[in-house]
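Notes follow the structure.
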Amino acid sequence: MSQGNSEAERSAARRDAAVRAAVEQGLIGPGEPVVGLLDVAGIRASARALREAFEEVAADGTPVLHAFAAKAASLVPVLRLLSEEGLGCEVASPGELALARAAGVPPSRTVLDSPAKTPAELREALALGIAVNADNPEELSRLDGLTRSAPTASPLGLRVNPQVGGGSIGALSTATKTSKFGVALRDEGAREWVVRAFADRPWLTRLHAHVGSQGMPLELMARGVRETYELAEEINRAVGRQQVDTVDIGGGLPVNFASDVADPTYRAYARLLAETVPGLFDGRYGLVTEFGRSLLAKHGTILARVEYAKSAGGRAIAVTHAGAQVAMRTVYAPQSWPLRVAAFDEKGLPKTGEPVPQDVAGPCCFAGDLIAENRTLPRLDAGDHAALLDTGAYYFSTHYAYNSLPRPGIYGFATTPDTVRFTPVRAPQSLPDLVTESGGDYATDLSELR
Ligand SMILES: Cc1ncc(COP(=O)(O)O)c(C=O)c1O
């Protein structure tokens, strides 16, 4: 089921080399006390593993588009790298679409899903020819009007909620009875409505379901895909032709945040899908996937300087520069989003002292701003570094502006046995930018309003 240990060990060795080089090369220091690091070789390897996993189970010639969920790493160079690896992009807002376009992702490999697309967004998507999945009956009516007024090359689909149930994280479970996404298939009359909606619209050719993200059991995800496939078969039987020609199965492969091993693997999930829904892979259907977290999480590290080491009530506390601003989910929902923390010394070498229980705290002004509570680690001292592991997905795209802490710089890295080379992925947010974002251009306007 799991990835070989040696791949995990190689990935950890690259990360350790990058941490040391980031300190030596001054990427992190007193003036830049927190940075993000991305392992380019690791990202490429995950993209390859995804492609190969589906190639192994899909009939020869099956069109498969792996559209990376941009929300997981809304960084133009990352979208570009993945595009070069043959992936596309799933976008869920005008901003994400702009990033995909800036990265050069072709319209034919872009998919727009969002529960609240405006008429202007729909119009733009249809003009560009990118695939669109309608979320609900009202959106489908909008598409009726738009497709009547101008021809489009966009493949058009409908998102459904197979209502197979949720996983361990409620906020990311999208196939519950009352989830806000898609047409709730088990609601009274919904299935019949969907079949009719397709029969009435020969241009509607796709079904889409994203059953959930982190915390979903694979079997439940596979059941959601099976329900979606069975609906596609029912529609095609009802209309007497292969009108639904593509099934978009969403993303959601969970990530192991407990060790360096990638588990479950794409191969395990693809095989489970092929066993659960063999008809989906026999060549009659094209496939779209929308994985996010599983492609990036293990290849990112947030590295923060320890500013002070102190204690309170007998508890050791390392006060670092990584807190809620870079790890909001972990700080506010630590049970759902625990992170491994690795201790490095002032030179960026793994710290080896006696492990002691300690809090790893962030810089934000509220008591709960803790990345790890009572965690046993070699004692972190001022000038040391705390590395938040597996933070390549969602952490860089969910910056939290509290306390006006700037977005940190992010650097991609590539290693050889003797060197580590870095390249910027996102510049650190400057204080003038931060002031502008916070209304700096309108400093006197409120006082002048009477
Ligand atoms: C529609 C859709 N597709 C794909 C994803 C990506 O999920 P994951 O990052 O868990 O693979 C999400 C996540 O929210 C989503 O909402």
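As the structure is a computational prediction, the values presented were derived from the model and not from experiment. Start at 1 and go down the list; that is how both ligands and their atoms are numbered.
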Between [Y] and [X], is there a salt bridge with N-O shorter than 4.0 Å?
X	Y	answer
Glu233	Arg284	yes
Glu139	Arg159	no
Arg407	Asp433	no
Arg186	Glu227	yes

No-hydrogen, no-angle side-chain donor-acceptor test under 3.5 Å, Glu290 and His208: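 On atom types as modelled, these side chains qualify, holding a pair under 3.5 Å.
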Test item: side-chain donor near acceptor, Asp263 and Asn256, under 3.5 Å: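 Short answer, no.
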Contact check, Tyr394 vs ligand 1, heavy-atom distance below 4.0 Å: yes
Test item, Ala72 contacting ligand 1 (heavy atom, 4.0 angstrom):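 The answer is no: ligand 1 sits nowhere under 4.0 Å from a heavy atom of Ala72.
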Starting from [atom], which protein heavy atom do you reach first, and at what distance in Å?
atom	answer
atom 14 (O) of ligand 1	Lys71 CD, 3.5 Å
atom 4 (C) of ligand 1	Glu290 O, 3.1 Å
atom 5 (C) of ligand 1	His210 CE1, 3.5 Å

Need the ligand 1 atom indices (1-based, order shown) with element for anything under 4.0 Å from a heavy-atom of [X].
X	result
Arg159	1 (C)
Gly251	4 (C), 11 (O)
Arg293	8 (P), 9 (O), 10 (O), 11 (O)
Phe291	11 (O)

Ligand 1 N/O within reach of Gly292 N/O, cut-off under 3.5 Å: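 There is such a contact, yes.
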N or O pair under 3.5 Å between Gln214 and ligand 1: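 Between Gln214 and ligand 1, no N or O pair is found under 3.5 Å apart.
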Heavy-atom nearest neighbour of atom 7 (O) of ligand 1 within options Ser213, Pro115, Ala92: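 Looking at heavy atoms only, the winner is Ser213.
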Donor-acceptor contact below 3.5 Å, side chain Arg109 vs main chain Leu87: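 Answer holds: yes.
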Check: Phe198 and Leu204 side chains under 4.5 Å, non-hydrogen atoms: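 Yes, close enough: below the 4.5 Å cut-off.
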Where Thr228 and Pro162 come nearest, the two heavy atoms and their spacing: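 Heavy atoms of Thr228 and Pro162 come nearest at OG1-CG, 4.4 Å.
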Proximity to ligand 1 by part of Met216, non-hydrogen separation under 4.0 Å: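 Neither; nothing of Met216 gets under 4.0 Å from ligand 1.
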